[in-house]
Amino acid sequence: MKIGCPTEIKPQEFRVGMTPDAAREAVNNGHDVLIQKGAGMGAGFTDEDYVSAGAAIIDTAEEIFATADMIVKVKEPQAVERNMLREGQLLFTYLHLAPDPEQTKDLLESGCTAIAYETVTDDRGGLPLLAPMSEVAGRLAPQVGAWTLQKANGGRGVLMGGVPGVAPAKVVVIGGGVVGTHAAKIAAGMGADVTVLDRSLPRLRYLDDVFGGTFKNQYSTAGATADLVREADMVIGAVLIPGAAAPKLVSRAQLSEMKPGAALVDVAIDQGGCFETSKATTHADPIYEVDGIMHYCVANMPGAVARTSTQALGNATLPFMLNLANKGWRQACEDDPHLLNGLNVHAGQLTYYAVGKALGLDVISPSLALKS
Ligand SMILES: NC(=O)c1ccc[n+]([C@@H]2O[C@H](COP(=O)([O-])OP(=O)(O)OC[C@H]3O[C@@H](n4cnc5c(N)ncnc54)[C@H](O)[C@@H]3O)[C@@H](O)[C@H]2O)c1
């Protein structure tokens with residue numbers, strides 16, 4: 001198969017769909033890998049790295065879209081890229097179609113087959129191609145929160161780990177899923193006094209078993225949250241209710257009870273945020289203040305660490321990408337129902353129910369698409 005990887009063109013996107021390691025694996029499996037000139041630069045991979053891996057460097061995205069059987073990307077195709085997609089071409093990337101009628105219409109019109117990273121599943125009910133980005137955002141949250149807490153950034157001037165004789169920062173993590181667990185681990189590793197709140201007792205049992213000595217956990221009620229938030233130096237928002245906007249768990253009124261200069265890091269901002277006063281910010285201007293409390297609400301946190309994020313995403317996508325290339329999408333999806341769950345569009349038809357429901361469009365079952 002000819003596998004093409006164009007440079008990402010969405011603003012502020014520095015990741016790349018294939019690492020040189022992924023390219024090497026594809027080449028070793030007998031495929032041709034076409035990388036757009038400079039595609040890896042934002043993540044610190046040079047064209048020479050790809051050439052050493054056996055890939056060909058191609059000057060333009062147009063040439064890649066014109067020749068590749070499968071396009072591997074990070075972000076959803078932008079309008080100019082959608083114009084270049086062809087009937088029968090396979091697209092493997094994040095799509096997030098439900099809130100995006102224009103992209104959905106263009107993908108349907110293109111006749112391509114599109115598999116969305118975010119809807120591929122695993123045996124444990126997880127989303128294996130979303131999890132690496134949650135791990136990155138979770139681990140980054142205490143790091144950016146610690147920076148936000150510094151005096152020059154408007155923060156309280158508190159050091160995460162304290163020093164001998166001075167208490168460490170108090171960190172509260174609301175939501176103990178992938179983001180929350182990774183955030184808590186790093187905050188505790190920095191020496192902070194960490195409590196994780198979650199509403200799932202099985203999850204709290206797991207956190208207690210595995211991390212009992214590292215950080216505390218508590219059942220998430222409005223009362224427990226209010227008590228902990230009042231005393232906190234940093235609150236990290238990491239809740240998710242699948243398919244719904246994030247619940248608002250800290251109100252504006254509660255800010256006046258908090259310590260002045262405390263930091264709110266709302267990782268859940270991509271689902272609307274879990275603090276009433278959250279609004280999405282960018283890496284260029286990440287923090288703002290409301291009622292004396294500093295807010296960090298960047299919606300694409302993994303972009304700040306594009307190299308780590310690219311490698312983490314590449315590790316997760318690699319086995320699926322190889323299966324798609326080795327077997328073709330039909331056989332790969334027939335053999336793996338989790339990959340089939342990733343199928344969103346095929347030959348002008350939607351194949352993912354939630355997207356059809358959100359956009360009021362007809363959907364055919366993915367298994368029917370396999371036969372068409
Ligand atoms: N900003 C970014 O760059 C970025 C990056 C990755 C993920 N995210 C977002 O981070 C959020 C968390 O993602 P995740 O992968 O950890 O999800 P997850 O499903 O692994 O974890 C969410 C947790 O929230 C808990 N929860 C639900 N309601 C709660 C409540 N009222 N109180 C306390 N806990 C509650 C759930 O029980 C679950 O354990 C999502 O909104 C995700 O989209 C943002």
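Please read these numbers as outputs of a predicted model, since none were measured by experiment. Counting convention: from 1, in listed order, for ligands and their atoms alike.
Closest approach of Ile57 to Asp47, counting heavy atoms only: CD1-O, 3.8 Å. Among all heavy-atom pairs drawn from Tyr94 and Arg15, the shortest one is CE1-NH1, 4.4 Å.
The distance criterion of under 3.5 Å between nitrogen or oxygen atoms is met by Met301 with respect to ligand 1. Between Pro247 and ligand 1, not a single N/O pair is under 3.5 Å apart. Checking only distances, Val178 does come within under 3.5 Å of ligand 1, N or O to N or O.
Contact annotation for Val136 and ligand 1: no heavy atom of the residue comes within less than 4.0 Å of the ligand. The proximity of Met133 to ligand 1, defined as any non-hydrogen pair under 4.0 Å, is limited to the backbone. With a heavy-atom cut-off of 4.0 Å, Asn300 touches ligand 1 through its backbone alone. When non-hydrogen atoms are compared, ligand 1 lies under 4.0 Å from the backbone of Ser134 as well as from its side chain. At a heavy-atom distance under 4.0 Å, only backbone atoms of Ala299 (N, CA, C or O) approach ligand 1. Within the 4.0 Å heavy-atom criterion, both parts of Val239, backbone and side chain, lie near ligand 1.
Summary of contacts: the protein heavy atom closest to atom 31 (N) of ligand 1 is Arg199 CD, 3.6 Å. Of the protein's non-hydrogen atoms, Val179 CG2, 3.6 Å is the one closest to atom 10 (O) of ligand 1. Counting protein heavy atoms only, atom 37 (O) of ligand 1 is closest to Asp198 OD1, 2.6 Å. The single protein non-hydrogen atom nearest to atom 1 (N) of ligand 1 is Val267 O, 3.0 Å, given as residue, atom name and distance.
To the nearest 0.5 Å, atom CG of residue Asp100 and atom NZ of residue Lys105 are 11.5 Å apart.
In summary, Glu81 and Lys73 engage in a salt bridge, as defined by a charged side-chain N under 4.0 Å from a carboxylate O.
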* To do: Check the pair Asn344, Thr119 against side chain to side chain donor-acceptor pair (under 3.5 Å), reporting the backbone distance first and the verdict last.
  => CA-CA 8 Å; Asn344 276 229; Thr119 64; 3.1 Å; yes
* Begin with the C-alpha distance, continue with both residues' side-chain angles, and end with the deciding distance and a verdict on side chain to side chain donor-acceptor pair (under 3.5 Å) for Glu25 and Asn29. => CA-CA 6 Å; Glu25 297 245 1; Asn29 275 262; 4.9 Å; no
* To do: Go through the steps for Thr308 and Gln311 under the test side chain to side chain donor-acceptor pair (under 3.5 Å), then give the verdict.
  => CA-CA 5 Å; Thr308 303; Gln311 289 169 315; 5.0 Å; no
* Dump the intermediate steps for side chain to side chain donor-acceptor pair (under 3.5 Å) on Thr277 and His295, then the final yes or no. => CA-CA 8 Å; Thr277 42; His295 293 55; 2.7 Å; yes
Only pairs under 3.5 Å count here: list side-chain donor-acceptor contacts from residues 145-164, not counting sequence neighbours, and write none if there are none.
from	atom 1	to	atom 2	distance (Å)
Thr148	OG1	Val144	O	2.7
Asn153	ND2	Trp147	O	2.7
Arg156	NE	Asp233	OD1	2.8

